[in-house]
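Atoms within a ligand are numbered from 1 in the order they appear, just like the ligands themselves.
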Amino acid sequence: MVKSNPNISNRQNQILEKLGNCDDELSGQELYRVLHAGESSMGLATVYRNLQVLVKKGLVRSRNLPTGEVLYAPVKRDVHHLTCVDCGITTSLQGCPVKNINLPQSKTKNFQLLFHTLEFFGLCQHCLERQST
Ligand SMILES: [Zn+2]
Ligand SMILES: [Zn+2]
């Protein structure tokens, strides 16, 4: 059982819990479906609105795929991906290559850092072989 955060609404806690229970990132649509499979009757617009609030509070991270889709995950899960620009297949990296990177203090002095994204794009083996034939 995930301890609920008293600083956010019940709906936001529900969203955070579902994201936390999922090993993978979820799009707004997928999250909406997961919530509907349970007891929640949150509308899609409400899901997106609450996701935005959670991102602004630094509890949820978001990343944009080349397809325009946005994926969400709990901010504490610091995972990065290799994405094939052709078929869109995604592989997650073990560990965060920039976890301990130091940003210039002059830049972060008046800026509360919440999360970062780091994306690698390329061609997967399958697409590489297909292109060379
Ligand atoms: Zn590919
Ligand atoms: Zn990272």
4.5 Å side-chain heavy-atom contact, Phe115 and Asp78: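 SC-SC contact between Phe115 and Asp78 ruled out.
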Indicate yes or no for a side-chain donor-acceptor contact from Thr108 to the backbone of Phe111 under 3.5 Å, with no hydrogens or angles considered.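 Such a contact is absent between Thr108 side chain and Phe111 backbone.
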Rounded distance [0.5 Å steps], CZ in Arg61 versus OG1 in Thr117: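 The OG1 atom of Thr117 is 8.0 Å from CZ of Arg61, to the nearest 0.5 Å.
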For the atoms SG of Cys127 and SG of Cys124, give the angle they form at the Zn ion (ligand 1), rounded to 10 degrees.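 Centred on the Zn ion (ligand 1), the SG/SG angle is 100° (to 10°).
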His80 NE2 and His116 NE2 subtending at the Zn ion (ligand 2) (10° steps): 110°
Here the N/O/S atom of Asp78 closest to the Zn ion (ligand 2) would be OD1
How about His126 and Asp86: does a side-chain donor come under 3.5 Å of a side-chain acceptor? no
